[in-house]
Amino acid sequence: MKRLALSAGVLWGAVTVAFIALHLAPGKVVDLIIGNSPGVTPAVRQQIIKDYGLDRPLLVQYVSYLEHVLRGDLGHSYRLQIPVSRAIGDALPATLALTFTAIGLALIFALVVAVLTAHRRPWLRGLFSTAETIGVSIPTFWFGILLLTVFSFTLHLAPAAGGLVLPAIALAVAPAGMLTQVLRDGLENALDEPFIVTARSRGLGDFAVRLRHGLRHALLPAITLTGWLIGLTLGSAVVVEQVFSRPGLGQLALGAVTGKDMPVVMGVVLVVALVYVIASTVVDLLYRVVDPRLRTEAPS
Amino acid sequence: MRSLRIGFWLGVLVLAVLVVAAIVPGALAPHSPDAADPLLTLARPSARFLFGTDQNGRDVFSRVVFGVRRSLLTGVGASALALLGGTVLGVLATQGGRLADEVVTRLLDVQMAIPGMTLALLVIAVTGTGTGSVVVAVAVITIPGYARIVRGQILQIRRSGYVEAAVALGQRPSTITIRHVVPNALGPVLVLATIGVGAAIGAGSSLSFLGLGGQGGAPEWGAMLAGSRDYFAVAWWAAVFPGLAITITVLAVTVVGRHLQKRIEGRQ
């Protein structure tokens with residue numbers, strides 16, 4: 001229950017931030033709603049002022065905006081000539097597919113590398129931890145450009161646009177670096193615990209010890225990080241979509257920012273916040289699966 | 001441990017070169033960054049043009065060198081702004097009573113839900129495009145990190161012996177905050193800001209790549225990459241070197257910052 005209230009609070013906050021942004025932006029609000037779209041007649045302009053209640057006090061406008069959002073009405077994009085919810089609905093699946101493929105790749109990489117390199121020879125560990133630092137430092141968009149140059153233009157292995165694999169790899173690099181670091185730290189701490197000695201003394205192989213006993217303890221911080229990374233990756237998708245000319249939420253948002261199409265910008269912010277809230281709720285549930293001790297806590 | 005030290009000194013060396021490039025780019029660059037030779041567009045790297053030329057026939061190496069200043073200023077400016085904003089929020093949360101604390105922590109929660117790039121786009125939608133907007137946008141998305149740490153530090157320092165002593169001496173709460181609490185809270189935050197400069201340079205160049213930074217062809221790494229976008233297939237050098245410059249800069253800042261962090265943690 002408390003969890004739900006907190007999520008609702010965060011979403012309400014995001015709506016408020018979007019509303020404040022609209023009114024902080026220089027220029028008349030009605031012009032921000034119309035955006036850079038030619039062919040809006042004065043009559044339509046009057047209609048917008050009336051619909052949004054722009055001639056009424058700010059508080060009334062705020063309440064009416066909240067009401068619209070609650071009904072799933074994110075306004076109208078005059079630049080694209082369609083409702084914002086439809087523009088987002090069209091763009092979201094491609095970006096979600098990209099985001100979750102990238103997170104999936106990052107998780108697989110992190111699990112394999114962490115399990116194989118935790119407490120191994122210093123040079124092996126050092127090699128991978130250097131690679132992770134570089135991975136976190138490489139700008140996502142530049143790595144995308146490199147992949148594109150090597151695989152599409154030089155080796156002709158992947159289509160220059162539209163494919164899912166290359167953009168997902170570009171997007172996965174930074175999360176993979178962060179996840180591997182956290183997982184290996186957790187695993188190394190776990191492997192120093194007395195219960196590991198117990199497990200080994202029962203004749204369990206090294207690999208089984210790592211997988212069955214170490215990993216479970218290392219997973220909790222990694223799961224928290226993953227929840228946060230889903231949001232981060234969803235946001236970073238904008239640059240990767242630009243590099244690979246891939247349609248999606250990022251391209252929609254970028255077009256809206258340069259075209260001063262405020263309803264779309266606000267809509268994207270709300271939807272991204274919604275995805276984050278859902279992801280962090282799932283993370284909370286996963287916690288209980290991984291660590292049974294959390295299940296016995298008094299329900300809150 | 002020895003390899004770590006080598007990494008640190010390599011990082012310091014790179015940063016020293018970058019600072020020289022930022023102050024006197026003309027000393028390192030063989031050509032003017034804007035000298036366009038229409039007869040030498042997209043020329044391969046050679047002794048004359050170390051990194052080749054771009055689509056306008058400009059020397060990529062000179063443009064990378066002249067781009068250092070803008071990138072460093074963006075990174076340092078955004079981090080300083082974020083440090084300031086984060087400190088104000090952190091102090092407000094801990095000194096302004098329970099309501100202020102509640103408001104600030106909830107605000108930070110909301111910011112967590114709007115990831116960096118999306119929030120940056122929202123900020124630029126409000127402020128308009130331009131170099132200044134990019135700095136502000138990068139600062140806004142990094143403020144919460146600083147605010148959280150300042151808040152945590154202050155709460156911890158308040159329970160310390162020397163603050164108790166100051167209270168016992170009858171000093172006023174505002175004096176204690178300014179003279180004792182904030183200066184002690186700032187140490188770890190300053191180290192974080194050093195590392196943050198690297199991340200800020202990366203984020204700033206991403207926004208420039210998207211075409212949201214300054215217009216008008218001034219050398220900037222992200223914008224150079226965006227400009228070379230249509231020529232990747234034929235001129236890899238125009239795409240590779242500016243990106244390499246970003247990566248090496250971010251890496252150098254991160255390595256040096258982490259080293260400083262470890263040393264400070266080791267001392268405490």
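Lettering follows sequence order; numbering is per chain, from 1. Because only heavy atoms are used, hydrogens play no part in the values below, and waters and symmetry mates are left out as well, while side chains stay in.
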**Study point:** chain B interface, residue from A:Phe141, A:Tyr276, A:Trp12, A:Trp142 that has the most non-hydrogen pairs under 4.5 Å
**Key:** A:Trp142

Revision key, fill the gap. Shortest non-hydrogen pair, B:Val123 vs B:Ala137, comes out as CG1-CA, 3.8 Å

Exercise for review: Heavy atoms only: give me the nearest B:Ala200-B:Ser79 pair and the separation to one decimal.
Suggested key: CB-OG, 3.9 Å

Point to revise | Contact winner vs chain A - B:Thr127, B:Val253, B:Leu244, heavy-atom pairs under 4.5 Å | key: B:Leu244

Practice item. Locate the shortest heavy-atom distance separating A:Ser77 from A:Asp261; write the atom from each residue and the value. Key: OG-OD2, 2.7 Å

Exercise for review: Counting only heavy atoms closer than 4.5 Å, note whether A:Trp228 contacts chain B via side chain, backbone, both or neither.
Suggested key: side chain

Revision key, fill the gap. Okay, A:Thr258 and chain B: the region with an atom under 4.5 Å from a heavy atom over there is side chain

Review point. When you check the gap from the basic side-chain N to the acidic O, do B:Asp109 and B:Arg106 get nearer than 4.0 Å?
Key: yes

Review point. Chain B: which of A:Gly235, A:Ser137, A:Ala25 shares the most heavy-atom pairs with it under 4.5 Å?
Key: A:Ser137

Check your understanding: B:Leu207 versus chain A, heavy atoms under 4.5 Å apart: side chain, backbone, both or neither?
Key -> neither

Point to revise | Flag, side chain of B:Arg151 to backbone of B:Asp101, donor-acceptor distance under 3.5 Å | key: no

Revision key, fill the gap. Pair count under 4.5 Å, heavy atoms only, with chain B: among A:Leu32, A:Val272, A:Thr233, highest is A:Val272

Study note, to complete from the structure: Note: vs chain A, highest number of non-hydrogen pairs under 4.5 angstrom among B:Arg258, B:Met117, B:Gln111 is B:Met117

Check your understanding: Going through the checks in order, is the side chain to side chain contact (heavy atoms under 4.5 Å, CB included) test met by A:Leu148 and A:Val243?
Key -> CA-CA 8 Å; A:Leu148 202 58; A:Val243 169; 4.2 Å; yes

Review point. With a 4.5 angstrom heavy-atom cut-off, which part of A:Leu146 approaches chain B: side chain, backbone, both or neither?
Key: side chain

Point to revise | Side chain, backbone, both or neither of B:Ser206 within contact of chain A (heavy atoms, under 4.5 Å) | key: both

Check your understanding: Hey, mind stepping through A:Lys260 and A:Asp31 against salt bridge (Lys or Arg N to Asp or Glu O under 4.0 Å) and telling me if it holds?
Key -> CA-CA 9 Å; A:Lys260 299 205 187 310; A:Asp31 294 321; over 6 Å; no

